[in-house]
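Take a look at the structure below.
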Amino acid sequence: MAEQFIGKLSEFSDGDRQILRIGEDEIGVFRHEGEFYAYSNFCLHQGGPACEGLTIANVEERLRPDKTSMGLHFTNDMNFVCPWHGYEYDMKTGCHVKDKKVKLRKYDVVTRGNDVYVVA
Amino acid sequence: MSSPEPARVKRSTPAPRRAAAASDAGMSGQDKANFIKAMMDGVKPKAAAGAKTKPAAVKPKKVVLLRKIPAPVRVTRPSNPASDEALALAAALEAKLAAGDLGALTPQAVQALMRALCRFYSANVGAGDKYPVVEGRMSVTGTDAMIVCGALLKAVDLQVFELGMWQSWSAV
């Protein structure tokens, strides 16, 4: 594993994504709220392009103390969704939102000055 | 008594024949030389081969950008007094909702606001100014959108089928 230069920091606006092939691996690199996250682009469900679908916040139902619903709300946790069959992964961990044992391969992202590297 | 027949020793193919075999396989001159050398020397075990060579330096992998997916573009325009009032009202309603105060607006007030917003948005789209009706994908949940869309269709006695027909036939 070595640091692979993928581009300049200025090339990534917040919310941008890049899909890269590094050696034999296909990797999705996200920039979200100033942080970089990189995961394998192969969905653990059926090998779809996991990093190329919607990015959408987690949805939770808020309840009053008596358990009546206050409706559905978006939380601050961002997810990305495989466009093939809707497998949804946590942006910060790569874990499936429902089953934490299902986890995409994560790659470290290093920024050095204005340069961005993926460790792959 | 006849002398016993000498044991037969299986010999490997002579070198000239090996060269002929390599030639038949369509190899280049260098390939032939390497092939013959390998046959004469034998293939070295991995461990022995590794012991004599220096560990290879980590080569940088080839990085290929397959595609860029930019962040959704936000529609922003200079504000005006009417927009400021609308934004303040929207913020107040969101705060009431977050506090669980679902009775903050009477049904008549909700109906008036919904009517005004529907007509205002529709008039803009009709005039060619077609911006997203809500900002981003996380302004309203899918459930919110379906409840409101369904209620609007029901209010004007339209079916989803008719909506689909209109969307496929119209340019809006």
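Here is how names work: the chains are called A, B, and so on, in the same order as the sequence lines, proteins then strands, and each is numbered from 1. All values derive from a computational prediction rather than experimental measurement.
- In terms of heavy-atom pairs under 4.5 angstrom with chain B, the leader among Ala2(A), Gly7(A), Gly15(A) is Gly15(A).
- Contacts of Phe30(A) with chain B are absent, with no heavy-atom separation under 4.5 Å from either backbone or side chain.
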Short donor-acceptor separations (under 3.5 Å), chain B to chain A:
| unit_1 | atom_1 | unit_2 | atom_2 | d |
| --- | --- | --- | --- | --- |
| Lys61(B) | N | Gln4(A) | OE1 | 3.1 |
| Lys62(B) | O | Gly23(A) | N | 3.0 |
| Val64(B) | N | Arg21(A) | O | 2.8 |
| Val64(B) | O | Arg21(A) | N | 2.7 |
| Leu66(B) | N | Ile19(A) | O | 2.7 |
| Arg67(B) | N | Ile19(A) | O | 3.3 |
| Arg67(B) | O | Ile19(A) | N | 2.8 |
| Arg67(B) | NE | Glu52(A) | OE1 | 2.8 |
| Arg67(B) | NH2 | Glu52(A) | OE1 | 3.3 |
| Arg67(B) | NH2 | Glu52(A) | OE2 | 2.9 |
| Ile69(B) | N | Arg17(A) | O | 2.9 |
| Ile69(B) | O | Arg17(A) | N | 2.8 |
| Ala71(B) | N | Asp16(A) | OD1 | 2.8 |
| Gly100(B) | O | Arg64(A) | NH2 | 3.3 |

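- Nearest heavy-atom pair across Ile22(A) and Ala120(A) is CG2-CB, 4.0 Å.
- Chosen from Ile19(A), Leu54(A), Leu72(A), the residue pairing most often with chain B at heavy-atom distances under 4.5 Å is Ile19(A).
- Heavy-atom minimum distance, Leu9(A) versus Gly113(A): CD2-O, 4.1 Å.
- Counting all heavy atoms, side chain and backbone alike, Val116(A) lies closest to Val109(A) at CG1-CG1, 3.7 Å.
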Can you give the donor-acceptor pairs under 3.5 Å from side chains of residues 105-120 of chain B to other protein atoms, not counting sequence neighbours?
| unit_1 | atom_1 | unit_2 | atom_2 | d |
| --- | --- | --- | --- | --- |
| Thr106(B) | OG1 | Ala109(B) | N | 3.1 |

Under 3.5 Å, side-chain donor or acceptor atoms of residues 150-160 of chain B against the rest of the protein: list the pairs with distances, not counting sequence neighbours.
none

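- The stretch residues 83-93 of chain B participates, sequence neighbours left out, in these side chain to side chain donor-acceptor pair (under 3.5 Å) pairs: Ser79(B)-Asp84(B), Asn80(B)-Ser83(B).
- Cys51(A) and Ile69(B) get closest at one heavy-atom pair: O-CD1, 4.4 Å.
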